[in-house]
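In what follows, a structure is listed as structure tokens, so that the remarks can point back to it.
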Amino acid sequence: MPPLPTEATVRFRAARDFLQAHALDYDAARDGFAWPELDEWNWALNWFDVQAEGNDDPALWIVEENDGGGAPTEAKYSFDEMRVRSDRTANWLRERGVEPGDRILLMLANQVELWDVMLAVIKLGAVVIPATTLLAEGDLRDRIARGGIKHVIARAELAERFADISGDYQRISVGGDERGGAPAGWTDLAGAMDASPDFEPTHTTHADDTLLLYFTSGT
């Protein structure tokens, strides 16, 4: 079923359109803008999916240097592709026990799975804790303990950093390790692309629900 605009979607769009219309008139934008009053609101469902349905314009375009020389490699995904990919990912994560309010440590590079998971987690009403791939074991141990982490989603080659970090958290990997598969004790996120492309929310997200938790290094 295609996503339908809600009253909150209309209010959000009106606020966005007002700022765009006054992009070159700061005084008018400042004096006339009012934050939309939102109660039930899920940005991925009420805004992204509504804009993305049937939209073949590029939403994500990743360009990377070729380590062996030659032309850079590129990957391009449309808005509608990202909508479907994130629906599949949301269904797959829910099947594996991710619930609204769960805190998820996300440790990925600039790759499509980063955005698949971000959108999916928003749709589920869970909480994302973004983490740089440079974090060492001590930093991860602190985040898992103080963040109340229930799920870790990380690149497969980073799995060894979690080997000695105890805790009752699910481990999901992206990409293969040196053997080409998920590390022992981890589940490969690649299976998400086999999940249903039809996501039906079972949780009402409110505008004041927590979405992101950041641990900063001061940089």
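Start at 1 with the first residue, then count along the sequence. Just so it is clear, the model here is predicted, and its values are computed rather than measured. When reading the values below, keep in mind they use all heavy atoms of this one structure, side chains included, and skip hydrogens, waters and symmetry mates.
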(message) Using 0.5 Å steps for rounding, measure from the CG atom of Asp198 to the CG atom of Asn91.
(response) 8.0 Å
(request) To the nearest 0.5 angstrom, please state how far the CD atom of Gln51 sits from the CG atom of Asp57. (result) 11.5 Å
(request) Please tell me if the side chains of His151 and Tyr169 come closer than 4.5 Å, counting only heavy atoms from C-beta onward. (result) no
(request) Could you check whether the rings of Trp186 and Phe162 sit parallel, tilted or perpendicular, using 30° and 60° as the cut-offs? (result) perpendicular
(message) If I take atom CG from residue Asp142 and atom CG from residue Leu135, how far apart are they, to the nearest 0.5 angstrom?
(response) 10.0 Å
(message) I'd like to know if the side chain of Asp102 reaches the main chain of Glu99, judged simply by a donor and an acceptor atom lying under 3.5 Å from each other, with no hydrogens or angles considered.
(response) yes
(message) For a quick test of reading the model, state the closest non-hydrogen atom pair linking Ala15 to Ala34 and the distance between them.
(response) CB-O, 4.3 Å
(request) Check whether any side-chain heavy atom of Phe33 sits under 4.5 Å from a side-chain heavy atom of Trp35, and report yes or no. (result) yes
(message) Strictly distance-based, threshold 3.5 Å: is any side-chain N or O of Asp209 a donor or acceptor partner for the main-chain N or O of His206?
(response) yes
(message) With rounding to the nearest 0.5 angstrom, report the CD1 to NZ distance, Ile104 to Lys150.
(response) 10.5 Å
(message) When you compare the side chain of Trp47 with that of Trp41, does any pair of heavy atoms fall below 4.5 Å?
(response) yes
(message) Quick one, Arg88 and Ser196 - any side-chain contact, counting heavy atoms below 4.5 Å?
(response) no
(request) State, without any angle test, whether Thr6 and Thr9 hold a side-chain donor-acceptor pair at a distance under 3.5 Å. (result) yes
(message) Nearest 0.5 Å, please: how far is CG in Asn55 from CG in Asp49?
(response) 11.5 Å
(message) Taking the basic N atoms (NZ, or NE/NH1/NH2) and the acidic carboxylate oxygens, is any pair closer than 4.0 Å for Arg83 and Glu53?
(response) yes
(message) Quick one, Ile172 and Val152 - any side-chain contact, counting heavy atoms below 4.5 Å?
(response) no
(message) I'd like to know if Arg85 and Glu81 make a salt bridge, using a cut-off of under 4.0 Å between side-chain N and carboxylate O.
(response) no
(message) Within the structure provided, determine whether Thr187 and Arg96 are in side-chain contact (heavy-atom separation under 4.5 Å).
(response) yes
(request) Answer yes or no: is there a side-chain heavy-atom contact under 4.5 Å between Val128 and Leu105? (result) no
(message) Tell me if a side-chain donor or acceptor on Arg11 pairs with a main-chain N or O of Glu37 at a distance below 3.5 Å.
(response) yes
(request) Check whether any side-chain heavy atom of Leu38 lies under 4.5 Å from a side-chain heavy atom of Trp43, and answer yes or no. (result) no
(message) Taking Ser78's backbone N and O only, do any of them form a donor-acceptor pair with Asp56's side chain (distance below 3.5 Å, no angle check)?
(response) no
(request) Please report the shortest heavy-atom distance between Asp188 and Trp92, naming the atom on each side. (result) O-CZ2, 3.4 Å
(request) Output the distance between atom CD1 (Ile62) and atom CD (Gln111), rounded to the nearest 0.5 Å. (result) 7.5 Å
(message) With clusters defined by side-chain heavy atoms of hydrophobic residues (ILVMFWY) lying less than 4.5 Å apart, directly or transitively, does Leu212 cluster with Trp115?
(response) yes
